[in-house]
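Shown next, in structure tokens, is the structure this report addresses.
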Amino acid sequence: MNIFADIRTSIIETLDAMVADGVLPANLSWGNVAVEPPRDAAHGDMATNAAMVLAKPASMQPRVIAEALADRLMDDPQIDTADVAGPGFLNLRLAPVVWHDVVAEAIDAGASFGHSGLGAGVKVNVEYVSANPTGPLHVGHTRGAVFGDALASLLEFAGYDVTREYYINDGGAQVDVLARSVYLRYLEAHGATVAFEDGTYPGDYLKPVGEALKAKVGDAYLEQDEEVWLADVREFATEAMMDLIREDLGLLGVRMDHFFSEKSLYGTGRIEEAIQDLDKKGLIYRGTLEPPKGKVPEDWEPREQTLFRSTEHGDDVDRPIKKSDGSWTYFAPDIAYHWDKIARDYDELIDIFGADHGGYVKRMKAAVSALSDGRVPLDIKLTQLVKLFKDGAPFKMSKRAGTFVTLRDVVDQVGRDVTRFVMLTRKNDAPLDFDFDKAVEQSKDNPVFYVQYAHARIRSVMRKAEEMHLDWSDNAKLEDAAEFAVARKLAEWPRLVEIAARNHEPHRVAFYLYELASDFHALWNRGNEKPELRFLHEDDPQATAAKIALPRAVAVVISNGLGILGVTPVEEMR
RNA sequence: GGCCCCGUAGCUCAGCGGAUAGAGCAACCGCCUCCUAAGCGGUAGGUCAUAGGUUCGACUCCUAUCGGGGCCGCCA
């Protein structure tokens with residue numbers, strides 16, 4: 001149930017009736033008629049712009065339409081008052097029964113309150129993290145992991161059929177570098193002293209991999225040429241790194257449905273097939289690119305390459321898919337990968353990239369547009385940088401990786417729930433300052449705590465109510481403005497889910513939960529001034545049951561919202 | 001040079017084309033005999049970077065300019 005949608009339906013039906021009665025001309029479109037919460041609650045519970053958007057096409061004064069509409073809406077039992085305001089807004093005040101119903105429905109529906117039919121029948125693939133299998137996940141990956149995971153959960157909640165996917169870049173030169181680095185650790189495990197030159201990964205995390213390799217092959221690869229061991233070590237090391245990454249994701253509570261290997265595209269003709277598909281569409285040609293303007297590389301020389309005519313699909317320049325030596329660029333397997341996703345029959349694709357991949361967005365969209373003939377939309381979300389702070393200073397060190405802060409470092413510092421929530425307190429395209437001290441601080445300027453505290457308070461009250469053996473009725477008794485404010489906020493939940501899902505913006509859930517918690521804490525304190533508004537009434541189980549329904553509904557929504565964010569709602573604060 | 005993101009209160013940030021632009025922090029003033037004061041209420045604080053345009057209506061959409069960040073063939 002989404003009461004905004006309900007009321008809109010009622011308004012549309014009324015408008016239809018007005019057309020039938022000749023009050024409004026025919027052939028009007030209701031597409032722009034919106035029903036939304038007013039900015040100022042003093043204006044009422046809901047507002048519609050119907051009269052204003054229809055005034056021009058109907059050639060009528062907005063206030064005339066608004067008044068006629070208001071008059072008829074009074075027949076709707078859900079609507080108490082309808083007032084024309086300002087340039088032609090129609091402010092509606094809803095009957096108390098509407099809010100009582102919202103509370104009852106939240107309690108009855110429980111974990112499914114807020115579910116939506118928005119995504120019914122839509123298959124969507126969310127690709128995120130996709131870090132190179134060359135080391136542990138770092139902070140940047142953490143943000144992408146949390147964002148992607150929360151977005152996937154949000155879409156599921158809104159009814160989409162979601163696949164969570166990780167693209168393993170195990171086909172490029174970086175895995176050779178990994179293999180050579182592991183080989184050095186292998187030599188080290190045999191007692192050799194090794195030097196990590198430029199172009200190798202010096203991190204300590206490869207030590208156990210070197211030892212594991214020794215345990216597996218003994219001294220078979222000692223004093224052997226690279227061609228003897230490279231392929232095997234590459235395989236071995238990549239698997240070890242993916243185990244490490246899976247472990248890191250586990251720390252965050254992220255589970256992928258599918259890991260897709262780039263390597264599986266090579267030697268199987270699949271890259272060739274994907275490129276042929278583009279070729280058939282006349283989008284592949286041999287050519288020479290212009291050097292980039294402004295900052296021309298010193299060693300620039302024009303070379304003929306195989307190019308993808310991405311400019312046909314909105315890109316700024318055509319992009320190379322083969323290097324001058326004839327081998328594939330990294331773009332080619334990426335094209336094949338997305339071609340594969342399209343072939344798997346997804347209706348929508350979403351990619352989560354780090355901000356440093358911003359320059360890659362247009363060509364990827366161009367490729368998907370070309371491969372699917374514009375049928376499959378690809379949305380690419382970029383997650384901006386995370387700056388870590390501790391004791392007021394930037395936090396940079398990592399014992400494990402040597403150079404960068406790992407996902408594990410962050411989760412060790414503040415825990416999974418805090419990490420996830422904090423990462424979602426910004427829009428994905430805004431940089432994020434992550435302050436370890438603030439994140440674990442127990443005060444209202446820490447949103448994680450603030451929302452958790454509201455949930456814990458409610459659970460505490462419910463535990464006390466258990467002892468009263470009361471009849472857990474769903475019927476709330478609402479009388480105070482603070483109570484209606486909370487109920488109104490609860491009613492916004494299903495609508496918020498749809499807005500957040502449609503825009504691919506899970507951070508809206510985090511902000512909403514903060515607002516809901518705030519309304520709840522305000523209500524709690526109203527009990528100081530008006531004892532009859534408290535939730536527990538000793539020796540009066542009936543009054544208690546009537547008052548406790550509202551906080552129960554709040555707990556349901558907080559729990560559902562935190563569930564989308566992947567944060568566990570706590571039962572008590574400690 | 002081109003492309004992408006950002007510019008909103010002193011600070012950190014919300015704001016699906018709607019009304020008098022919101023929250024937290026910091027400042028000031030209040031509230032515990034009471035379900036968790038780990039909380040709540042109030043005061044103060046704004047040329048929404050700038051200039052045009054579209055619209056009944058623009059923080060929101062378009063164009064240009066300024067400022068900050070990122071990216072720009074044979075690295076992924």
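Hydrogens, waters and symmetry mates are skipped; everything else that's a heavy atom, side chains included, is used. Naming: A, B, ... by sequence-line order, numbering from 1 per chain.
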| query | Between A:Met46 and A:Lys438, which is nearer to the 5' end of RNA chain B once each is assigned its nearest nucleotide? | reply | A:Met46
| Candidate nucleotides B:G39, B:C5, B:G73, ranked by approach to the side chain of A:Phe449 - the nearest | B:G39
Collect all protein-nucleotide pairs involving nucleotides 57-64 of chain B in which both atoms are nitrogen or oxygen and the distance is under 3.5 Å.
none

| request: Please report, rounded to the nearest Å, how far the P atom of B:C16 is from the CZ atom of A:Phe511. | output: 12 Å
| query | Ignoring hydrogens and geometry, is there a side-chain-to-backbone donor-acceptor pair from A:Arg534 to A:Gly527 under 3.5 Å? | reply | yes
| message | Does A:Asp40 reach a base, just sugar-phosphate, or nothing at all? Heavy atoms under 4.0 Å. | response | nothing
| remark: Residue pairs meeting salt bridge (charged side-chain N to carboxylate O under 4.0 Å, His left out), one or both in residues 351-362 of chain A, sequence neighbours left out, come to A:Asp316-A:Lys362, A:Lys341-A:Asp351
| query | Across the strands shown, which category fits A:Lys362 at heavy-atom distances under 4.0 angstrom: base, sugar-phosphate, nothing? | reply | sugar-phosphate
| Between P of B:C40 and CZ of A:Arg457, the distance in whole Å | 7 Å
Tabulate protein N/O versus nucleotide N/O from nucleotides 74-76 of chain B, keeping only pairs under 3.5 Å, one per line.
unit_1 : atom_1 : unit_2   : atom_2 : d
B:C74  : O2     : A:Arg303 : NH1    : 3.0
B:C74  : O2     : A:Ser324 : OG     : 3.0
B:C74  : N3     : A:Arg303 : NH1    : 2.2
B:C74  : N4     : A:Arg303 : NH1    : 3.3
B:A76  : OP1    : A:Lys323 : NZ     : 3.4
B:A76  : O3'    : A:Asn169 : ND2    : 3.2
B:A76  : O2'    : A:Asn132 : OD1    : 2.9
B:A76  : O2'    : A:Asn132 : ND2    : 3.1
B:A76  : N6     : A:Tyr330 : OH     : 2.8

| task | Provide the distance between the two C1' atoms, one in B:U36 and one in B:C29, to the nearest whole Å. | result | 25 Å
| said: Work out how far the C1' atom of B:A44 is from that of B:C6, and round it to whole angstrom. | reply: 29 Å
| query | Going through the checks in order, is the side-chain contact (heavy atoms from CB on, under 4.5 Å) test met by A:His338 and A:Met364? | reply | CA-CA 9 Å; A:His338 284 78; A:Met364 210 62 251; 3.2 Å; yes
| query | Roughly how far apart, to the nearest Å, are B:U65 and B:G24 at atom P? | reply | 39 Å
| Pairing of RNA chain B as dot-bracket, 5' to 3': ( ) intra-strand, [ ] crossing, | other strand, . unpaired, with Watson-Crick or G-U pairs under 3.5 Å? | (((((((..((((....[...)))).(((((.......))))).....(((((..]....))))))))))))....
| message | For a quick check of understanding: with a heavy-atom distance under 4.0 Å over all strands, which category does A:Arg426 fall into, base, sugar-phosphate or nothing? | response | sugar-phosphate
| task | Only counting residues at least two apart or in another chain, list the ones meeting side chain to side chain contact (heavy atoms under 4.5 Å, CB included) with A:Thr200. | result | A:Ser181, A:Leu184, A:Phe196
| Is A:His43 stacked on the base of B:A19, with ring centres under 5.5 Å apart and planes under 30° apart? | yes
| Reckon A:Asn49 touches a base, only the sugar-phosphate, or nothing at all at heavy-atom distances under 4.0 Å? | base
| said: Assess whether a salt bridge exists between A:Lys547 and A:Glu479, defined as any Lys/Arg side-chain N lying under 4.0 Å from an Asp/Glu carboxylate O. | reply: yes
Give each protein N/O atom lying under 3.5 Å from an N/O atom of nucleotides 29-34 of chain B, with the pair distance.
unit_1 : atom_1 : unit_2   : atom_2 : d
B:C34  : O2'    : A:Arg534 : NH1    : 2.8
B:C34  : O2     : A:Arg534 : NH2    : 2.2

| task | Look at all strands and tell whether A:Ala430 reaches a base, only sugar-phosphate, or nothing, counting heavy atoms closer than 4.0 Å. | result | sugar-phosphate
| task | Please work out if A:Ala34 contacts a base, only the sugar-phosphate, or nothing of the nucleic acid, heavy-atom cut-off 4.0 Å. | result | nothing
| With a 3.5 Å cut-off and no angle check, do the side chains of A:Tyr330 and A:Asn169 form a donor-acceptor pair? | no
| Which part of the nucleic acid, if any, lies within contact of A:Ala355, taking any heavy atom under 4.0 Å across all strands shown: a base, the sugar-phosphate backbone alone, or nothing? | sugar-phosphate
| query | What integer number of Å spans the P atoms of B:A23 and B:G41? | reply | 10 Å
| field | Residue met sooner reading RNA chain B from 5', once A:Glu304 and A:Leu385 are mapped to nucleotides | value | A:Leu385
| message | Could you walk me through whether A:Glu498 and A:Arg495 satisfy the salt bridge (charged side-chain N to carboxylate O under 4.0 Å, His left out) test, starting with their C-alpha distance in whole Å, then the side-chain angles of each, then the deciding distance to 0.1 Å, before giving a yes or no? | response | CA-CA 5 Å; A:Glu498 292 191 353; A:Arg495 179 171 180 273; over 6 Å; no
| query | Which of these nucleotides, B:C5, B:U36, B:G73, is closest to any side-chain atom of A:Gln384? | reply | B:C5
| Is the NZ or CZ atom of A:Arg457 positioned over A:Trp524's six-membered ring, under 6.0 angstrom from the centre and within 45° of the axis? | yes
| query | Using atom C1' of each nucleotide, how far apart are B:A26 and B:G10 to the nearest Å? | reply | 8 Å
| Out of B:G73, B:A19, B:C3, which nucleotide sits closest to the side chain of A:Pro320? | B:G73
| said: Donor-acceptor pair, distance only, cut-off 3.5 Å: does the side chain of A:Asn132 make one with the backbone of A:Thr134? | reply: no
| query | Which of the following nucleotides, B:C56, B:U36, B:C16, is nearest to the side chain of A:Arg508? | reply | B:C16
| Touch class at under 4.0 angstrom, heavy-atom based, for A:Val361 against every strand present | nothing
| B:C48 and B:G67: how far apart are their C1' atoms, nearest whole angstrom? | 16 Å
| task | Please measure how far the P atom in B:A58 lies from the corresponding atom in B:A49, and state the result in whole Å. | result | 15 Å
| said: Quiz question: by atom type and distance under 3.5 Å, do the side chains of A:Thr288 and A:Glu304 form a donor-acceptor pair? | reply: no
| said: For a quick check of understanding: with a heavy-atom distance under 4.0 Å over all strands, which category does A:Phe535 fall into, base, sugar-phosphate or nothing? | reply: base
| field | Between B:U63 and B:C25 - C1' atom distance, rounded Å | value | 38 Å
| task | Taking atom NZ of A:Lys438 as the centre, report whether more than 12 heavy atoms of other residues, nucleotides or ligands fall under 6.0 Å from it. | result | no
| Torsion-based syn/anti label for B:C32, 90° from 0 as limit | syn
| Just by distance, do the side chain of A:Asn91 and the backbone of A:Ala47 share a donor-acceptor pair under 3.5 Å? | no
| query | For the base of B:C40, is there a side-chain donor-acceptor partner from A:Arg526 under 3.5 Å away? | reply | no
| field | Atom-pair distance (OH on A:Tyr450; P on B:A37), nearest Å | value | 13 Å
| With a 4.0 Å cut-off on heavy atoms, is A:Pro431 in touch with a base, just the backbone sugar-phosphate, or nothing at all? | sugar-phosphate
| said: Using ring pair (Phe, Tyr, Trp, His ring centres under 6.0 Å), reason through A:Phe89 and A:His43 one step at a time and then give a plain yes or no. | reply: CA-CA 10 Å; A:Phe89 280 103; A:His43 290 140; 8.2 Å; no
| message | Under 4.0 Å, counting only non-hydrogen atoms across every strand here, what does A:Gly358 touch: a base, just sugar-phosphate, or nothing? | response | nothing
